Amino acid sequence: MNVKVIAFDADDTLWVNEPYFRQSEEAFCTLLEEYLPRHELERELLKIEIANLGLYGYGIKGFILSMIETAMTVTNNMISSKTIGEIIDLGKQMLNQPIELLDGVEEVLKELKGKYRLVVATKGDLLDQERKLRKSNLNSYFHHVEIMSEKDDANYLKLIKHLDIRPSELLMVGNSLKSDVLPVLNIGGYAIHVPYHITWAHEEIEQSIDSGMFKSVECIKDVLAFV
């Protein structure tokens with residue numbers, strides 16, 4: 001590999017994220033358990049979340065709005081203001097969660113800094129992602145931070161243009177095959193998949209990946225063996 005830039009996803013690659021969504025979803029289902037069974041509520045919430053991505057994008061704020069809309073839908077608009085307030089509180093709790101770095105993250109960044117340009121390439125709410133990066137104390141490791149509305153081929157091409165590199169000089173490291181691997185391979189870059197034990201249903205894919213520019217490792221420290 002003639003890699004010049006290594007890009008890292010943020011949520012569930014650098015720090016814990018998805019478990020907080022699952023905890024809030026469980027609390028949400030408990031709030032509305034008299035209206036629908038948990039599995040039906042989860043299915044309805046996911047459907048509404050995905051439908052709203054084009055309006056709200058990714059992140060906690062869109063998730064809160066989708067929970068409120070789901071509550072209104074399943075209760076035929078009979079949801080109480082008290083329950084809406086409790087849903088909003090769930091979102092605020094998520095926004096105020098401490099940042100928990102995943103095992104080995106800082107060790108890997110220390111090893112790679114100075115050898116490569118390191119960047120964060122993530123998606124989600126701008127303010128929330130900036131807040132998490134600031135609270136993580138990882139800012140000093142990164143040359144650039146890119147917060148995308150969607151992680152697709154076009155936005156990765158914009159990133160490499162901004163970094164003034166060729167696609168083959170980019171290595172992307174992340175936990176999502178859909179967002180961190182496939183689009184990077186599509187444009188001619190390298191990708192390393194670092195699985196996380198929880199994956200949002202919208203990020204799951206069924207296809208297998210067979211490419212010499214792709215590796216899958218067990219943990220982020222294993223990335224060092226390939227660079």
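On a predicted model such as this, the values are computed, not experimentally measured, just so you know. All values below were derived from every heavy atom in this structure, side-chain atoms included, with hydrogens, water molecules and symmetry-related copies excluded.
Between the Arg131 side chain and the Leu95 main chain, a donor and an acceptor come within less than 3.5 Å of each other. Not a single donor-acceptor pair under 3.5 Å links the side chain of Asp180 to the backbone N or O of Val173. Counting only distance, with no hydrogens or angles, the side chain of His143 and the backbone of Arg117 share no donor-acceptor pair below 3.5 Å. Side chain of Ser66 to backbone of Phe63: no donor-acceptor contact under 3.5 angstrom is found. Remark: side-chain polar atoms of Thr122 are not paired, donor with acceptor, to backbone N or O of Ile147 under 3.5 angstrom. Formation of a donor-acceptor pair under 3.5 Å by the Lys221 side chain with backbone atoms of Glu107 is not found in this model.
Nearest heavy-atom pair across Thr13 and Val105 is O-CG2, 3.6 Å. Considering all non-hydrogen atoms of both residues, Met148 and Ala121 come closest at CE-CB, 4.1 Å. Of all heavy-atom pairs spanning Ile220 and Asp103, the tightest one is CG2-O, 3.5 Å. Contact detail for Ala71 and Ile87: the closest heavy-atom pair is CB-CD1, 3.9 Å. Across every non-hydrogen atom of Tyr156 and Pro183, the tightest pair is CE1-CG, 3.5 Å. Contact record, Ile64 with Ile88: CG2-CA, 4.3 Å, taken as the closest heavy-atom pair.
A salt bridge does not link Lys61 with Asp128: none of the charged nitrogens is closer than 4.0 Å to a carboxylate oxygen. Under 4.0 Å is where a charged nitrogen must lie from a carboxylate oxygen, and between Lys82 and Glu86 at least one such pair does. Under the 4.0 Å criterion applied to side-chain N and carboxylate O atoms, Arg22 and Glu18 are assigned as salt-bridge partners.
Two residues are said to be in side-chain contact when any heavy atoms from C-beta on lie closer than 4.5 Å; Phe8 and Phe142 meet this criterion. The shortest side-chain heavy-atom distance between Leu177 and Pro195 does not fall under the 4.5 Å cut-off. In this structure, Trp15 and Glu100 have side chains that are not in contact, with every pair of non-hydrogen atoms separated by 4.5 Å or more. When side chains are defined from C-beta on, Arg166 does not count as touching Ile160, because their heavy atoms never get closer than 4.5 Å. With a 4.5 Å cut-off on side-chain heavy atoms, Val120 and Glu146 do not count as touching. Leu126 has its side chain within reach of Glu130: a pair of non-hydrogen atoms, C-beta onward, lies under 4.5 Å apart. Taking the side chain as every heavy atom from C-beta outward, Leu109 and Lys113 never approach each other to under 4.5 Å. Side-chain contact check for Ile192 versus Leu171: some heavy-atom pair is nearer than 4.5 Å.
Side-chain polar atoms of Asn155 and Glu150 form no donor-acceptor pair below 3.5 angstrom. Side-chain contact, Tyr190 with Glu169: no donor N or O sits under 3.5 Å from an acceptor N or O.
Residues forming a side chain to side chain donor-acceptor pair (under 3.5 Å) with Tyr20 (at least two apart in sequence, or on another chain): none. The ring-ring contact (aromatic ring centres under 6.0 Å, His included) check on His162 picks up His144, with sequence neighbours excluded.
With Thr75 as the partner, the side-chain contact (heavy atoms from CB on, under 4.5 Å) test is satisfied by one option alone out of Leu36, Thr70, Leu32, Thr83: Leu32. Screening Val108, Leu112, Val3 for a side-chain contact (heavy atoms from CB on, under 4.5 Å) involving Val227 leaves a single residue, Leu112.
The distance from the CG atom of Leu159 to the NZ atom of Lys151 is 10.0 Å, given to the nearest 0.5 Å. Here Ser24 contributes atom OG and Met67 contributes atom CE; the two are 5.5 Å apart, rounded to the nearest 0.5 Å. Here CG of Leu182 is found 10.0 Å from NZ of Lys178. Values are rounded to the nearest 0.5 Å. Separation of atoms CG (Leu45) and CG (Asn52) is listed at 10.0 Å; rounding is to 0.5 Å. Note that CG of Leu133 is 9.0 Å distant from CD1 of Ile99, once rounded to the nearest 0.5 Å. Rounded to the nearest 0.5 angstrom, Leu138 CG and Lys110 NZ are separated by 10.5 Å.
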Stepwise, does the side-chain contact (heavy atoms from CB on, under 4.5 Å) test hold for Tyr196 with Val16? CA-CA 9 Å; Tyr196 190 63; Val16 173; 3.8 Å; yes
Let's go through Phe21 and Ile60 carefully: what are the C-alpha distance in whole Å and the side-chain angles of both, what is the deciding distance for side-chain contact (heavy atoms from CB on, under 4.5 Å) to 0.1 Å, and is it a yes or a no? CA-CA 8 Å; Phe21 281 83; Ile60 294 172; 3.7 Å; yes
Decide yes or no on side-chain hydrogen bond (donor to acceptor under 3.5 Å, both in side chains) for Lys123 and Ser149, but give the supporting numbers first. CA-CA 6 Å; Lys123 63 185 179 184; Ser149 57; over 6 Å; no
With side-chain contact (heavy atoms from CB on, under 4.5 Å) as the criterion, how do Leu41 and Glu33 come out once you've worked through the C-alpha distance, each side chain's angles and the decisive distance to 0.1 Å? CA-CA 8 Å; Leu41 273 169; Glu33 61 188 355; 5.7 Å; no
Show your reasoning for whether side-chain contact (heavy atoms from CB on, under 4.5 Å) applies to Lys161 and Leu157. CA-CA 6 Å; Lys161 183 177 180 180; Leu157 286 170; over 6 Å; no
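The environment of Lys215 atom NZ is sparse: at most 12 non-hydrogen atoms of other residues, nucleotides or ligands sit within 6.0 angstrom. Shown here is Lys47, whose NZ atom has no more than 12 heavy atoms of other residues, nucleotides or ligands within 6.0 Å. Surrounding CZ of Arg38 are more than 12 heavy atoms belonging to other residues, nucleotides or ligands, all under 6.0 Å away.
In the hydrophobic clustering of ILVMFWY residues, with side-chain heavy atoms under 4.5 Å counting as a link, Met213 and Ile209 come out together. Hydrophobic clustering, with ILVMFWY side chains joined whenever heavy atoms are under 4.5 angstrom apart, groups Tyr116 together with Val217. The cluster map of Ile, Leu, Val, Met, Phe, Trp and Tyr, joined by side-chain heavy atoms under 4.5 Å apart, puts Leu102 and Val145 in the same cluster. With hydrophobic clusters built from ILVMFWY side chains whose heavy atoms lie under 4.5 angstrom apart, Leu224 does not share a cluster with Val5. Hydrophobic clustering of Ile, Leu, Val, Met, Phe, Trp and Tyr side chains at less than 4.5 Å, counting indirect connections, unites Leu14 with Val181.
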